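Read through the structure below, which is laid out as structure tokens, and then see the notes.
Predicted model, so just to flag it, every value in this text is computed and none were measured.
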Amino acid sequence: MDRIKKNRIIIKMTVVMLFATLLFAGGMAYKESPGVRSALSFSSGEAHAMDVYTGNPIVKIVKDSSPAVVNIDTETMVTRTRFGGFPFDGDPFFEEFFGQIMPREPRQQQVPRRGKGSGFIVSQEGYVLTNNHVIDGADNVKVTLMDGRNFDAEIVGQDPTFDLAVIKIKASSLPVLQLGDSDATEVGEWVVAIGNPLGFENSVTAGVVSAKNRTLQAPGINFQGFLQTDASINPGNSGGPLIDLNGRVVGINTAIVPYAQGIGFAVPINMAKQVMDDLIRHGEVRRGWLGVTVQQLTASLVEAYKIPVKEGAIIADVNADGPADKAGLQRGDVIIGIGGQDVKNSQDVVFLIRNKMQGDKVPIEIYRDGKKRTINVTLGEIEGGKRAANAKDTEGSSSGKSPKTSTHIGITVSEITKEAQDRYKLKGKEGLIVTDVERGSQGQRLGLQPGDVILEVNKEKMNRIVDWDRMMGKNNKALGFLISRGGATLFISVQM
């Protein structure tokens, strides 16, 4: 019996030892397996090596670039009118309850208005590139570097058309940012914005280039070709650099959409280079001037206007008595070539004309009414970056009757009366005035708004309600509107 028990114990011990051996061997195999090791090893050194954020290039970009990004403080003396010596004199709320304490004695007083913005150093000579609106009209401009040095700056030159300016400081051992190639920048590329948003100095945001060749309709700015980015840009970022992952500037942060998130705009650096060179050499832009406003061709415009090409730029407005007007270019012409070079978009027009000088005779290839033709234009010179069309007033009289109205696709229009001219500050009676746009309608999605003047729909002039009703009654595959807004004309189109 004892022998039997002894044999059983030996057998159990043998099984346990065999099982332990198998476990040990399996553990060794598990430890030595490279696939398992790389996937499941948790040592601190190996976890660090696998961290996707280790070696983040943005950190190096910020360290290398920030010293060349400057804060710009401006002071402008403005005149304000004050009344009397009593502190509440002229206050409507106070006078509502207590009446006027003493006769008002208006007096003029000079007070400072301060502003902030950003910029960046582009040369060892102390030239700083920024936005024109940052320093425009300033009596004093001060530049502060990241290292704490502070300098009075001289305004070298300004170009309001592209909202660019060059200022200069006298200093030594200056850090400089390298300029990149915005033409080579692609949608989806990572970019970094550095600046002084809302007074928070040397703030850094990152994002991607979300679009190129964006057009903005803004008073005093006539530019089509902005880079769009979702890197956060706020007031005070204006004039700061938009930097790619190579540490080179590809744009100058310029504008934001205040009611949106993740939408900011920057002037492409390739355009800024041309403007900057002129401003440094001459104090003004001396490039050629064509005298047109151009827009991108869209699929709906091509369909609505029966345009035989899909690439090019359509002329939305022609400056009266400008070079294009004198040569015979017209609104609605599609530019497909300038000086023997192809035009694929509106930015090509800007670049190609900017590379010419005043007095150059340039052949412009266009499509008009489906036919190709070439028009030679002698370029003018940009005067301080500002040109304006001289609109002629059209005499009109009021009949004293309520104007006729009509509503289609959520847009209510009426014929233009003297009352409408006064209300919307219109200079003529050409077209139909938009008086109402229904919320959520196709008209609202088009971007039309009260006060817009519809001049044409699918190339047909709109001067009477019957013109509007007839066009809207057709079975249109696309609609192309030519509208006037704020004294400028532009095309808006939609597929039906």
Whether the side chain of [X] engages the backbone of [Y] through a donor-acceptor N/O pair (distance < 3.5 Å, no angle test) should be reported.
{"X": "Q341", "Y": "I338", "result": "no"}
{"X": "T229", "Y": "V208", "result": "yes"}
{"X": "N132", "Y": "D136", "result": "no"}
{"X": "T130", "Y": "S118", "result": "yes"}
{"X": "K273", "Y": "G180", "result": "yes"}
{"X": "D181", "Y": "D183", "result": "yes"}
{"X": "D452", "Y": "Q449", "result": "yes"}
{"X": "D360", "Y": "K356", "result": "no"}
{"X": "S203", "Y": "F200", "result": "yes"}
{"X": "D333", "Y": "Q330", "result": "yes"}

Quick one: closest heavy-atom pair of [X] and [Y], and the distance?
{"X": "I58", "Y": "N56", "value": "N-OD1, 3.0 Å"}
{"X": "S238", "Y": "H133", "value": "OG-NE2, 3.1 Å"}
{"X": "Q296", "Y": "I314", "value": "O-CG2, 4.3 Å"}
{"X": "E438", "Y": "Q444", "value": "O-CB, 3.6 Å"}
{"X": "P323", "Y": "G380", "value": "CG-N, 3.4 Å"}
{"X": "A272", "Y": "L129", "value": "CB-CD2, 4.1 Å"}

Greater than 12 external heavy atoms within 6.0 Å of [X]'s [atom1]:
{"X": "D342", "atom1": "CG", "answer": "no"}
{"X": "R149", "atom1": "CZ", "answer": "yes"}
{"X": "K212", "atom1": "NZ", "answer": "yes"}

Looking only at the side chains, is there a donor atom on one of [X] and [Y] sitting less than 3.5 Å from an acceptor on the other?
{"X": "N131", "Y": "T254", "answer": "yes"}
{"X": "N253", "Y": "N237", "answer": "no"}
{"X": "N319", "Y": "D325", "answer": "no"}
{"X": "S493", "Y": "T298", "answer": "yes"}
{"X": "N345", "Y": "E311", "answer": "no"}
{"X": "S232", "Y": "T205", "answer": "no"}
{"X": "S346", "Y": "Q295", "answer": "no"}
{"X": "E201", "Y": "N196", "answer": "no"}

To the closest 0.5 Å, what do you measure between [atom1] ([X]) and [atom2] ([Y])?
{"X": "I411", "Y": "L446", "atom1": "CD1", "atom2": "CG", "value": "6.0 Å"}
{"X": "T374", "Y": "I336", "atom1": "OG1", "atom2": "CD1", "value": "8.0 Å"}
{"X": "Q358", "Y": "T378", "atom1": "CD", "atom2": "OG1", "value": "10.5 Å"}
{"X": "Q124", "Y": "S173", "atom1": "CD", "atom2": "OG", "value": "7.5 Å"}
{"X": "I169", "Y": "L174", "atom1": "CD1", "atom2": "CG", "value": "5.0 Å"}
{"X": "N140", "Y": "K142", "atom1": "CG", "atom2": "NZ", "value": "6.5 Å"}

Taking the side chain as C-beta and beyond, is there a heavy-atom pair between [X] and [Y] under 4.5 Å?
{"X": "L279", "Y": "Q158", "answer": "no"}
{"X": "I263", "Y": "Q228", "answer": "yes"}
{"X": "I135", "Y": "I155", "answer": "yes"}
{"X": "V250", "Y": "V191", "answer": "yes"}
{"X": "V141", "Y": "D152", "answer": "no"}
{"X": "L329", "Y": "I366", "answer": "yes"}
{"X": "Y127", "Y": "I280", "answer": "yes"}
{"X": "V128", "Y": "V166", "answer": "no"}

Audit row: L227, F265, side-chain contact (heavy atoms from CB on, under 4.5 Å) steps and yes/no:
CA-CA 6 Å; L227 297 177; F265 300 94; over 6 Å; no

Under the criterion side-chain contact (heavy atoms from CB on, under 4.5 Å), which of I315, V343, T293 is the partner of V349?
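Result for side-chain contact (heavy atoms from CB on, under 4.5 Å) with V349: V343.
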
Can you list everything that forms a ring-ring contact (aromatic ring centres under 6.0 Å, His included) with Y305? Sequence neighbours excluded, please.
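For Y305, the residues satisfying ring-ring contact (aromatic ring centres under 6.0 Å, His included) (neighbours in sequence not counted) are F491.
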
Before you tell me yes or no, could you show the steps for R281 and D277 under salt bridge (charged side-chain N to carboxylate O under 4.0 Å, His left out), namely the whole-Å CA-CA distance, both residues' side-chain angles and the distance that decides it to 0.1 Å?
CA-CA 6 Å; R281 292 178 184 177; D277 289 343; 5.1 Å; no

Any ion pair linking R114 and D73 (charged N to carboxylate O, less than 4.0 Å)?
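So D73 does not pair with R114 through a salt bridge.
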
As a quick check of understanding, evaluate side-chain contact (heavy atoms from CB on, under 4.5 Å) for D244 and W190, giving each step before the final call.
CA-CA 6 Å; D244 66 13; W190 284 94; over 6 Å; no

Kindly indicate, with the supporting measurements, whether the criterion side-chain contact (heavy atoms from CB on, under 4.5 Å) is fulfilled by V249 and L242.
CA-CA 6 Å; V249 181; L242 192 68; 5.8 Å; no

Given side-chain hydrogen bond (donor to acceptor under 3.5 Å, both in side chains), test S210 with D230 step by step and report yes or no.
CA-CA 6 Å; S210 52; D230 67 350; 5.7 Å; no

I would like to know whether I167 and V143 meet side-chain contact (heavy atoms from CB on, under 4.5 Å); could you show each step before the answer?
CA-CA 9 Å; I167 60 178; V143 168; 3.8 Å; yes

